[in-house]
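In what follows, chains carry the letters A, B, and so on, assigned in the order in which the sequence lines appear, proteins first and then strands, with residues in each chain numbered from 1.
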Amino acid sequence: MIQSLFDGILVGAILSLGAIGLTMIMHILRFANFSHAELLSIGAYSALAFDGLLQALVPALAQKFPALSLTVSLLIAIVLAMAMTGLSAIAIDRLVFRRLRENAGPLTMVFASFGVALIVRNVIGLIFGLRAQHYGSDIAFAILVSADPFLLIKPDQLFVLGVTLVLMLALHLTLSRTPFGFALRAVSENPVLAQVNGINLNRMIRMTWIIGGAIAAVAGILYALNNQLSPVMGRDLTLSLFAAAIVGGIGSIYGAVLGGFLVGLASSLALLVVPAGYNPAIPFLIILVTLYLRPNGLFGEAR
Amino acid sequence: MIGVISYLVFFFTIALILSITVLGLNLQWGYTGLFNGGVVAFFAAGAYGLILLGGPDRAGEFGGFGLPYPVALAGGIVLAGLLAWLVALASTRLRHDYLAIATFGVAIAVESFARNAEYLTGGAKGLRGFQRPLEALVGSNFGYSLLFLSIVLVALVSVYWTLETVVRSPFGRLLRAMREDEVAARSLGKSPARVRLQSFVLGAMIMGLSGGLYATFYAFISPQDIAPILTFQIWAMLIVGGSGNNKGAILGTLIVWGGWVGSGWLLTEIVPRHLQIYAGSIQYILIGLIIVLTLLARPKGLLPEELAISKLADASRETLDREPAD
């Protein structure tokens, strides 16, 4: 039970990070982006590539942090992957979504996002191979925290939780304390009025993609640290991310965080009662219940 | 020669069955503007429903009632409709992309159900041993293939005719009116949520029919047949042919299915054996590219929607040229 709660919080932390970018895009650009989870894959695989590159260039970077399976090179690779994923998000927007935004409706963007997801997922498979991979070849050993109640924790998992908290705090401070944060919130409340007040809408959209993409990259890397890298990881996470965003209320970043933890905990606790094979369906049930009972989510506003 | 003909019969049987699903999607997306992110779920409901109701008895497990074929087929169609109703009722009142998310979710739920609920769906092994209708009356395999192709053709023509009647009826005008300007439709006293629900459920039942025919043809259904890629293929077919045009939907199906089968054959010929596992990825990328590029470059497809304008409105025809829906 305690173990399930811990696992649920861990999965929830990763889903929260992924859902933040998704809910921001759904709010500001007003379309459900089915390719958002592919940004997690792009992030995870860019980190794999940068990690390998750095270790090849400077072998000393393969040094590990005490107790963690994390290497210095991977830590640097995370930062590079964040930038890479943010830029990829902007590139995809330039190539596809911006053109459709100008000439077609939001549902056409939803449609296109399915196609984008299919392309990205399979290009990653072609480049990196279809097999599951890990960042290091070593097995990270878990520490028995307590035998009764049973609780096993890997040091890497504490690292995952720590990074998530730091990132969320940084985002919270940015949105609530800086002029940029005010501008972003203004745009999501009322794009026209925000522009009247001299806020550059296109710049804000770019920033949203960069921030959403960078956070998604971290989520993808943490997911890969906790599980493994696989070209279909985005496909497997898409529904959970939407569930988190919908439960929290579209557009609410704090809602997405809470929604992520709720979905993570629900999926993890469901394993205690429902056979594991049904686990992919849990987010769907959460979405359905939310839409029936509280369609605007916990913190969302009616639109 | 007989080999080529029997292959063509096989090709057209599958293509025409799929085109029925594309027609169902055309009603939802083309005419009503509803995004169905889980086409395969309703296809699967029709297929599994048919075999559960009409299949042979399964010792100790649920299903296999051996009902007459038409009853079993209708049961599968109703099951697809019920599933659509459950999902659409929750989301047609809300933000338009919620339906996309909910249907995407239902497809995942149906797939995990098909894989795991062995007492009902046979799990990964699927359900086999279905007795195809009239098969005992026809001696040769080839003869039955021809007969089945004509059954599919009859089904396709009936669906086509029904849909053409529907979209030309006042109901069809209402669907287009709502797609173009929901506020205006509402101001005329129409209930968009209810009409959307009806259109979505009808479209899903057509997909259920298509799934039922598919399962009949193979006398077998398993999770392999309801992979998520089917949803993408169906969209590609609709968008290439031209959404909002039933002839386009059928044309698009033949082109995209031909391209899919052809590219699959080509890839097995030219890709070295040890790289064959990547052939699927390449085909998936092609489907993704078809969707994205068509939306960007030719959103109306090969056969664009025909505008239905009253003869009395001749004078204003110029101004009625459709703007993209906002």
Side-chain angles (χ1 to χ4, degrees), chain A residues 26 30-34 95-96 99-100 102-126 129-130 231 235-236 238-239 242-243 245-246 250 274-292 295-296 302-303, chain B residues 29 33-35 37-38 86-87 89-91 93-102 104-113 115-118 123-124 228-229 231-232 235-236 239 243 275 277-278 280-297 299 324-326:
Chain A
M26 278 183 82
R30 287 168 173 73
F31 83 104
N33 181 9
F34 280 83
L95 286 171
V96 182
R99 298 176 190 203
L100 294 174
E102 285 155 5
N103 303 321
L107 276 179
T108 310
M109 292 164 74
V110 175
F111 198 160
S113 75
F114 269 92
V116 168
L118 194 63
I119 296 170
V120 170
R121 191 182 301 153
N122 287 289
V123 167
I124 289 178
L126 279 186
L130 303 175
R235 183 195 71 190
D236 296 342
T238 300
L239 194 60
F242 275 119
I246 287 181
I250 302 298
V274 189
Y278 291 104
N279 217 253
I282 302 293
F284 169 67
L285 292 180
I286 296 174
I287 290 174
L288 210 56
V289 169
T290 311
L291 293 186
Y292 271 114
N296 295 313
R303 169 165 282 152
Chain B
W29 168 253
L34 295 171
F35 193 87
L86 175 80
V87 178
L89 194 63
S91 46
R93 292 167 291 128
L94 308 170
R95 257 179 76 130
H96 289 191
D97 45 11
Y98 276 17
L99 182 67
I101 300 169
F104 177 74
V106 81
I108 289 176
V110 165
E111 194 190 348
S112 76
F113 195 73
R115 280 187 193 285
N116 294 285
E118 292 201 7
I229 188 67
T231 299
F232 291 90
W235 286 328
I239 185 107
S243 49
L275 293 175
I277 51 164
Y278 293 104
S281 303
I282 294 172
Q283 280 191 297
Y284 288 8
I285 292 171
L286 290 177
I287 289 283
L289 283 175
I290 287 177
I291 291 175
V292 173
L293 294 179
T294 312
L295 285 172
L296 285 173
D326 194 16

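With chain B as partner, the option from A:Val110, A:Thr290, A:Leu126 having the largest number of non-hydrogen pairs under 4.5 angstrom is A:Leu126.
At least one donor-acceptor pair under 3.5 Å links the side chain of B:Asn116 to the backbone N or O of A:Gly277. A distance-only check finds no donor-acceptor pair linking the side chain of A:Tyr292 to the backbone of B:Leu89 [under 3.5 Å].
Taking each heavy atom of A:Leu130 and B:Ser281 in turn, the nearest pair found is CD2-OG, 3.8 Å. Between A:Arg30 and B:Asp97, the shortest heavy-atom distance links the atoms O-OD2, 4.2 Å. The minimum heavy-atom distance linking B:Ile108 with A:Pro280 is given by the pair CG2-O, 3.6 Å. Looking at every heavy atom in both residues, A:Leu291 comes nearest to B:Ala90 through CB-O, 3.7 Å.
In this structure, chain B has a heavy atom under 4.5 Å from the backbone of A:Leu95, while its side chain stays farther away. Within the 4.5 angstrom heavy-atom criterion, atoms from both the backbone and the side chain of B:Val106 approach chain A. Proximity to chain B (any heavy atom under 4.5 Å) is restricted, for A:Ile287, to the side chain, taken from C-beta onward. Interface remark: B:Leu86 contributes backbone and side-chain atoms alike to the contact with chain A (heavy atom separation under 4.5 Å). With a 4.5 angstrom heavy-atom cutoff, B:Phe232 touches chain A only via side-chain atoms. Of the two parts of B:Leu295, the backbone and the side chain both hold a non-hydrogen atom closer than 4.5 Å to a non-hydrogen atom of chain A. Contacts of A:Pro283 with chain B are absent, with no heavy-atom separation under 4.5 Å from either backbone or side chain. With a threshold of 4.5 angstrom between heavy atoms, B:Ile277 approaches chain A through its backbone and through its side chain. With a threshold of 4.5 angstrom between heavy atoms, B:Ala236 does not approach chain A through any atom at all. Contacts between A:Pro275 and chain B at a heavy-atom distance below 4.5 Å are absent for every atom of the residue.
Taking the ring centroids of B:Phe35 and A:Phe31, they lie at or beyond the 6.0 Å cut-off. Taking the six-membered ring where the residue is Trp, the centroids of B:Phe104 and A:Phe242 are separated by 6.0 Å or more.
Interatomic distance, A:Asn122 CG to B:Ile287 CD1, rounded to the nearest 0.5 Å: 11.0 Å. For the atom pair CD1 of B:Ile290 and CD1 of A:Ile119, the computed distance is 10.0 Å after rounding to the nearest 0.5 Å. Put simply, CZ on A:Phe114 and OG1 on B:Thr231 are 8.0 Å apart, with the number rounded to the nearest 0.5 Å. With values rounded to the nearest 0.5 angstrom, B:Ile229 atom CD1 is found 4.5 Å from A:Leu118 atom CG. To the nearest 0.5 Å, atoms CG (A:Leu100) and CG (B:Leu296) are separated by 5.0 Å. One finds the CH2 atom of B:Trp29 at 5.0 Å from the CG atom of A:Leu107 (value rounded to the nearest 0.5 Å).
Scanning for ring-ring contact (aromatic ring centres under 6.0 Å, His included) contacts around A:Phe284 gives an empty result, with sequence neighbours left out.
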